[in-house]
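Below, read A as the first sequence line, B as the second, and so on, with proteins coming before strands; counting in each chain starts at 1. When reading the values below, keep in mind they use all heavy atoms of this one structure, side chains included, and skip hydrogens, waters and symmetry mates.
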Amino acid sequence: MALRKPKARLNLRQAIEAAIQQVPRGKVSTYGAIARAAGLPGAARQVAGVLHRSFGLPWQRILGAGGEIKLRGDSAIEQRLRLESEGVIFRGRRVDMKRHEYKFPRAKSR
DNA sequence: AGGGTGACGATCA
DNA sequence: ATGATCGCCACCC
């Protein structure tokens with residue numbers, strides 16, 4: 001009995017990066033969804049942090065809740081252009097999530 | 001070691 | 001729809 005570690009999970013950063021990498025081209029996800037997929041519900045800000053500090057990730061595919069771009073200034077424009085070039089359609093200022101949101105496979109059985 | 005910080009999210013005015 | 005506020009939580013200095 002004793003103690004059991006809740007979960008010896010990988011480094012947070014790796015878990016988050018792995019989740020982000022799963023989003024395919026032409027699809028998008030949200031900070032919150034990535035956090036959940038990485039086993040860190042509620043850690044949306046950490047997802048943003050990783051995106052901010054890591055290179056080599058498809059950062060443009062991660063949006064705020066509702067498909068909204070949460071970046072500011074030039075970066076926001078670049079994100080939109082990159083997504084559009086991948087075929088992602090916007091509806092006003094947001095991505096059409098019904099059409100492009102990537103659904104993560106259930107980590108645990110269906 | 002501790003606390004400020006932020007590419008969030010949900011809610012309310 | 002926009003802006004403010006509060007709760008979250010690991011990372012960085």
Response to the item:
Here the gap from A:Q60 atom CD to A:E78 atom CD, rounded to the nearest 0.5 Å, amounts to 8.5 Å
Fill in: Whole-Å gap separating P (C:dA1) and CD (A:E68)
9 Å
Worksheet entry | Atom-pair distance (CD1 on A:I16; C1' on C:dC9), nearest Å | 10 Å
Item to complete: Identify whether any heavy atom of A:R53 sits under 4.0 Å from a base atom; if not, whether one sits that close to sugar-phosphate; answer base, sugar-phosphate or nothing.
Response: sugar-phosphate
Practice prompt. Report which part of the nucleic acid A:R93 touches: base, sugar-phosphate, or nothing (heavy-atom distance under 4.0 Å, all strands).
Written response: sugar-phosphate
Worksheet entry | Nearest-Å distance once atom P is located in both C:dC6 and B:dG4 | 16 Å
Discussion item. Taking atom types as they are modelled, would you say the side chain of A:Q46 forms a donor-acceptor pair with the base of C:dC9 within the 3.5 Å cutoff?
Written reply: yes
Worksheet item: Can you find a heavy atom in the side chain of A:P58 that is under 4.5 Å from one in the side chain of A:I20?
Response: yes
Discussion item. In the structure I gave you, are the side-chain heavy atoms of A:Y31 and A:K70 within less than 4.5 Å of one another anywhere?
Written reply: yes
Worksheet item: Looking at A:Y102, is A:R61 sitting on its ring face, NZ or CZ under 6.0 Å from the six-membered ring centre and within 45 degrees of the normal?
Response: no
Worksheet entry | Nearest-nucleotide comparison on DNA chain C, the residue closer to the 5′ end among A:R94 and A:G42 | A:R94
Discussion item. As an exercise, state the distance from CG of A:L63 to NE2 of A:H100, rounded to the nearest 0.5 Å.
Written reply: 10.5 Å
Worksheet, complete the sentence: In the 5' to 3' direction, the nucleotides of DNA chain B bounding the stretch that comes under 4.0 Å of a heavy atom in chain A are B:dG6 to B:dA10
Discussion item. Whole angstroms only, please: what is the CG-P distance between A:L51 and C:dA10?
Written reply: 17 Å
Discussion item. Does A:R82, at its CZ atom, have more than 12 non-hydrogen atoms belonging to other residues, nucleotides or ligands within less than 6.0 Å?
Written reply: yes
Practice prompt. Quickly work out the A:R45 CZ to C:dC8 P distance and round it to whole Å.
Written response: 12 Å
Discussion item. Need one value for A:G49: base, sugar-phosphate or nothing, where a base atom within 4.0 Å counts as base even if backbone is also close, heavy atoms only.
Written reply: nothing
